[in-house]
Amino acid sequence: DSILALTFTNSGVHSMRERLVEIIGSRGYRVVINTFHGFCNEVIKSEPESFPNIIGATNITEVEQIKILEEILLTEKFKELTTFNDPFYYLRSILSSINELKREGMSPDSFQQDIKKSLKEFDRTPDLYNEKGKYAGQMKSKYADELKWLKKNEELGQIYERYQVKLREQKSYDYQDMIMAVALALEHDSELLLKLQEQYQYILVDEHQDTNNAQNKVLELLANYFDNPNLFVVGDDKQAIFRFQGASLENFLYFKNKYPKAKFIVLEENYRSNQKILDAADSLISGDKKLKARAGHNEHKIKVYE
């Protein structure tokens with residue numbers, strides 16, 4: 001009951017529990033095994049006073065998210081993220097960007113601060129304007145495109161802020177809010193953090209290549225009681241399958257740099273494929289480790305069809 005095991009799918013949770021019970025019997029049911037969202041949901045339910053914006057609120061669907069954004073775009077004036085003929089032209093991109101910001105653990109305030117900083121740095125660019133010729137005094141086209149991008153992000157920050165206000169007013173939260181809320185609470189509520197650190201002293205993360213920044217933030221905070229925590233990370237740097245949810249190779253490599261004293265174990269034996277399959281895959285993916293097949297051999301050549 002001092003162990004926390006995290007993975008990405010409910011089927012993964014079931015599989016992990018099943019294997020653990022096979023090994024250690026009924027004691028395996030005392031180990032907390034959960035998905036990231038499931039774990040964060042349990043923290044929120046067990047510590048409601050730390051999450052006033054979520055407790056008592058309703059988890060909304062994507063359709064409801066779109067309705068909120070439509071209302072914001074119709075009632076407020078935005079120059080860059082609406083068009084004259086279609087005020088909802090950028091709506092899908094706005095929703096996607098807000099979800100991405102939340103996966104990266106970026107609040108409206110921190111995102112707006114970053115954009116303000118970028119705009120100030122842009123203004124200090126030494127050669128913004130053409131000095132000679134027909135377009136003297138006009139901003140160079142490459143900088144004009146960059147400025148337009150910054151202005152769009154400036155409006156995105158405003159829409160993101162209003163979106164979060166609307167969620168609070170309606171007593172709602174979206175799917176990404178659970179992990180972000182827990183990350184922020186652990187960062188600012190030392191009592192909650194210490195309580196969870198005392199409870200979970202041994203942490204396992206499965207499929208770690210699929211984590212995003214907000215999930216990594218939760219892990220890092222839970223583990224930071226010790227300089228070298230009892231943290232066991234399992235992953236494959238060649239298969240970040242949840243990349244669309246904010247996962248990236250950088251997140252996986254980050255922990256190798258964060259905990260340089262961690263023991264690094266490379267698994268080089270493969271029990272699923274024959275050597276020809278592995279060699280073909282390896283020829284397409286650059287890497288320093290070469291897998292060895294333990295599943296027998298197949299003499300058939302690989303055929304490629306277009």
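Bear in mind that the values here come from a model prediction, so they are computed numbers and not experimental data.
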Item checked: Charged N-O contact under 4.0 Å between E100 and R103 ->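 Result for this pair is yes, salt bridge flagged.
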Notebook entry, point to check: Is any side-chain N of the basic residue among E22 and R19 closer than 4.0 Å to the acidic one's carboxylate O?
Noted result: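 The answer is no: the pair does not qualify as a salt bridge.
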Next item on the list: With sequence neighbours left out, write down each residue that passes side-chain contact (heavy atoms from CB on, under 4.5 Å) with L119, or none if nothing qualifies.
Entry: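 In terms of side-chain contact (heavy atoms from CB on, under 4.5 Å), with neighbours along the sequence ignored, L119 is linked to I115, L147, L150, E154.
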Return a table of donor-acceptor pairs under 3.5 angstrom between the side chains of residues 69-81 and protein atoms on other chains or two or more places apart.
residue : atom : partner : partner atom : Å
E71     : OE2  : K166    : NZ           : 2.9
T75     : OG1  : E71     : O            : 2.7
E76     : OE1  : R162    : NE           : 2.3
E76     : OE1  : R162    : NH2          : 3.4
E76     : OE2  : R162    : NE           : 3.2
E80     : OE1  : K148    : NZ           : 3.3

Side-chain heavy atoms nearer than 4.5 Å, only ILVMFWY residues, links allowed to pass through others: does that put [X] and [Y] together?
X	Y	result
M16	V234	yes
I98	M106	yes
I24	I33	yes
L196	L6	yes

Note to self: So, using ring pair (Phe, Tyr, Trp, His ring centres under 6.0 Å) as the criterion, who are the partners of F39 when residues are at least two apart?
What the structure shows: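 Scan of F39 (ring pair (Phe, Tyr, Trp, His ring centres under 6.0 Å), adjacent residues dropped) gives Y200.
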Next item on the list: Could I get the full list of ring pair (Phe, Tyr, Trp, His ring centres under 6.0 Å) partners for F36, not counting sequence neighbours?
Entry: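 Ring pair (Phe, Tyr, Trp, His ring centres under 6.0 Å) list for F36, sorted by chain: F8.
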Next item on the list: Linking directly or through intermediates, with side-chain heavy atoms under 4.5 Å: list the remaining ILVMFWY members grouped with L194, chain and number order.
Entry: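 Cluster partners of L194: Y225, F226.
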What donor-acceptor contacts under 3.5 angstrom involve side-chain atoms of residues 89-97, with partners at least two apart or in another chain?
residue : atom : partner : partner atom : Å
Y90     : OH   : K152    : NZ           : 3.2
R92     : NH1  : E62     : OE2          : 2.6
S97     : OG   : S93     : O            : 2.8

Margin query: Could you tell me if Y175 and N99 have a donor-acceptor pair between their side chains, going purely by distance under 3.5 Å?
Written below: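 Their side chains do not contain a donor-acceptor pair, so the 3.5 Å distance test is not met.
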Item checked: Pair S110-Q113, side-chain donor/acceptor within less than 3.5 Å ->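 No, because no side-chain N or O of S110 sits under 3.5 Å from a partner of the opposite role on Q113.
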Next item on the list: Check whether any side-chain heavy atom of L193 lies under 4.5 Å from a side-chain heavy atom of L221, and answer yes or no.
Entry: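 Touching, per the 4.5 Å side-chain cut-off.
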